[in-house]
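A quick write-up on the structure given underneath.
One-based numbering, in listed order, for ligands and for the atoms of each.
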Amino acid sequence: MAVDQERMIHPDEARATIFRYLWRLPAESVSLVDASWRVLFGDLVAAEDQPPFPAATMDGYAVVADDPSPWREIIGRQSAGYVADLEVNVGTAAWITTGAPVPSGATAVVPIEATELADDHVIIHQERVAPGENIRPVGVDLAKGSAVLQRGTLLGAAEMGLLAGLGIDPVEVVRRPRVSVLSTGNELVEPGETPGPGQIRDANRFSLIAALQEAGADVIWAGRGPDDAAALRSSLIDRIAASDVVITSGGVSMGDLDLVKPLLSELARVHFRRVFMKPGKPFNFATSGDTLIFSLPGNPVSALVGFEVFIRPALRSMLGAAEIDRPRTRVRLDHNVQPTDRIEFQRGIVRVDSEGRLKVSTTGPQASSRLASLVGANALIPVPPGAESIHAGSQVEAILVGPLVTERD
Ligand code: AMP
Ligand code: MG
């Protein structure tokens, strides 16, 4: 049955359609040092205890707890990194450093601040020394056999430290999606060039590369092409063959030189072409074999909003990431907002005020060509279509696409 590709579909339907064609990326093994900010492939269970030996948590003296006499004979020294041949008994103590294994017989560590040295003895100036005091027992930080990290976890600073501590090197992570980016338009020149009459510099290739990197993709190719059917066709054929995902910008509107649109019908299976949203109504989604093709409109804000709303979650899902979507929250509008005839993703800045409340203001004129409306924005505000303005003070939903900002007075 022929699909009505020109039917304007709701963003939720667009997302559901895209998600039907997603597939899971395979695992790859990378050395630990290269694993930062990658997605963990499988669940991880601790193969050893941490700490592996009872360790002192203070510099001081290892003693027998509840030994009534404050005087102890010093029998030796135990610092971190080896095991000294020491046996602590009632009436004796071993000098010890933080992280060192507690000598056998010792059941507590008295901090150096609570002691006084007297030749070959130490005097304990502490009322009661309880068993286990200042000792980290075996496995207390991480018990052997316990779940450490779940698949889909993003390997940030703490996760990397955990992996290193457990000796996991190399690490099985999810292979990054291989993505090609193609900017189309006769008017486009390189950022390093001076545009001639009627020309502009290619912005989308660079904004999309950055957005892709943040999303965890591997940008294997990025280029620019004119509105020329033969050149675009050969470029698209190459990129489809080499990539998991192809992203194009420009050439999907109604003009005679909007050549990406007809080429997609020729080279791939088009699933939809128009979404009931603003900016970014012409958003083409097609597949060719396993390759996903997203064709974004050329206006720089439309391209990035389309990426954020549809392509980023698709890539995160292919990666099996625990977090696919950005967090959403309710925020208070700082000023009136006028809805349009479509769902409009207005760009906003969500700030935390001194009382800890969240408030949002939009970033000035919301034209789809005005990239400045995205600069500094940490939120998209999906404004439903309507005639009535939404008043300042109303609660609206915000999609948090960046870190919260603290309001300054
Ligand atoms: P199009 O979708 O090709 O009709 O382009 C829509 C608008 O976006 C036009 O004003 C183009 O000049 C502009 N545009 C297209 N591609 C880019 C690009 N890569 N960088 C900046 N502006 C672009
Ligand atoms: Mg164009």
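- Lys261 has a carboxylate O that lies under 4.0 Å from a charged side-chain N of Glu6, or vice versa, which qualifies the two as a salt bridge.
- The distance criterion of under 3.5 Å between nitrogen or oxygen atoms is not met by Gly250 with respect to ligand 1.
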Quiz item: Passes side chain to side chain contact (heavy atoms under 4.5 Å, CB included), Leu304 versus Leu371? Steps please.
Solution: CA-CA 9 Å; Leu304 275 185; Leu371 261 185; 4.1 Å; yes
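- The protein heavy atom nearest to atom 2 (O) of ligand 1 is Gly298 N, 2.8 Å.
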List, one per line, each side-chain donor-acceptor pair under 3.5 Å for residues 222-229, sequence neighbours excluded.
| residue | atom | partner | partner atom | Å |
| --- | --- | --- | --- | --- |
| Arg224 | NE | Glu190 | OE2 | 2.6 |
| Arg224 | NH1 | Leu188 | O | 2.8 |
| Arg224 | NH2 | Glu190 | OE2 | 3.4 |
| Asp227 | OD2 | Asn186 | N | 2.9 |
| Asp228 | OD2 | Ala230 | N | 3.4 |
| Asp228 | OD2 | Ala231 | N | 2.8 |

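- Ranking the protein heavy atoms by distance from atom 22 (N) of ligand 1 puts Ile200 CD1, 3.4 Å first.
- Protein heavy atom closest to atom 7 (C) of ligand 1, with residue, atom name and distance, is Asn299 OD1, 3.6 Å.
- For the pair Gly185 and ligand 1, no heavy-atom separation below 4.0 Å is found.
- Taking the six-membered ring wherever Trp is involved, the centroid distance between the rings of Phe283 and Phe310 falls below 6.0 Å.
- Between the side chains of Thr291 and Arg239, no donor N or O sits under 3.5 Å from an acceptor N or O.
- Close approach of ligand 1 to Ser183 (heavy-atom distance below 4.0 Å) involves ligand atoms 19 (N).
- For the side-chain hydrogen bond (donor to acceptor under 3.5 Å, both in side chains) test with Ser249, the passing option among Asn204, Asn299, Thr184 is Asn204; the others fail.
- The protein heavy atom nearest to atom 9 (C) of ligand 1 is Glu187 OE2, 4.1 Å.
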Exercise. Decide side chain to side chain contact (heavy atoms under 4.5 Å, CB included) for His271 and Arg20; before the verdict, give the C-alpha distance in whole Å, the side-chain angles of both, and the deciding distance to 0.1 Å.
Key: CA-CA 11 Å; His271 304 290; Arg20 277 205 295 279; over 6 Å; no
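- When the heavy-atom distances from atom 1 (P) of ligand 1 to Pro297, Gly251, Gly255, Ser368 are ranked, the shortest goes to Gly251.
- Using a 4.5 Å heavy-atom cutoff, the side chains of Leu236 and Glu266 are not in contact.
- Among all protein heavy atoms, the one lying closest to atom 19 (N) of ligand 1 is Asp202 OD1, 2.8 Å.
- In this structure, atom 18 (C) of ligand 1 lies nearest to the protein heavy atom Asn204 ND2, 3.3 Å.
- Contact annotation: for Ala203 versus ligand 1, heavy atoms closer than 4.0 Å belong to both the backbone and the side chain.
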